[in-house]
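Ligands are counted one by one from 1 in listed order, and the atoms in each one are counted from 1 as well.
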Amino acid sequence: MPKKIITLLLLLAPVAAFALYKPVRVLAPELFGDVHCIDDQICIEEPSRLDEARALCDASLHFVADTVRPFQQPPRVIFCSSKDCQNAFGFDKAAATTVGRSGIVVAPRGWKPHYLRHEMIHHRQAEELGILAAFTKPEWLVEGMAYALSDDARATLADRWEEARQRFLKWYEVVGRDRLWSAATAL
Ligand SMILES: [Zn+2]
């Protein structure tokens, strides 16, 4: 293959990654979604709802930092008000989704404190356990922790998540708050 073409392909590779793997788009939200990035913390589709988004974010950041220790770098949160916006980042059904340490996308139905807290716990997991933790660590730890420590008010969840929450709580009772991350790392 001629050198020029190889160079061109290499140059295009990041663009292809952005185009093909939509979740990567959280790295440059304004390029791919109809959102405005206000600062390092918030991108929003409907700027008239900024106060609401800011209040949700601040309260959740404090809650999660208190519960599972302070953030190394707080996540950037992309607040979508439409399905199109959510889809632009590659998400369909979830109320909110975390992409490693890169950011959180909140769907129209996800503007609720427990969803934000849940996703921010996933962000802390990525900080403490690595960005692949969601794939390499047991589901009862990853999801169980996010459901159990986000103060999710739902008394019972769908079976799969309820089992994860209960199993995590049993483990957490033994491990305790101070050893949360060291014990999780060892799993
Ligand atoms: Zn989750």
Student: Quick check: do Y147 and R154 have side-chain heavy atoms less than 4.5 Å from each other?
Tutor: yes
Student: Closest heavy-atom contact between C85 and E45?
Tutor: CB-OE1, 3.4 Å
Student: What donor-acceptor contacts under 3.5 angstrom involve side-chain atoms of residues 63-74, with partners at least two apart or in another chain?
Tutor:
unit_1 : atom_1 : unit_2 : atom_2 : d
T67    : OG1    : F63    : O      : 2.6
R69    : NH2    : D178   : O      : 2.9

Student: Within the 3.5 Å criterion, strictly below it, is a donor on H118 or H114 matched to an acceptor on the partner's side chain?
Tutor: no
Student: Do you see a donor-acceptor pair shorter than 3.5 Å between the side chains of T97 and E119?
Tutor: no
Student: Please confirm whether the backbone N or O of T185 pairs with a side-chain atom of K137, one donor and one acceptor, at under 3.5 Å?
Tutor: yes
Student: Check the Zn ion (ligand 1) and write out every protein N, O or S atom at under 2.8 Å, as residue and atom.
Tutor: H118 NE2, H122 NE2, E143 OE1, E143 OE2
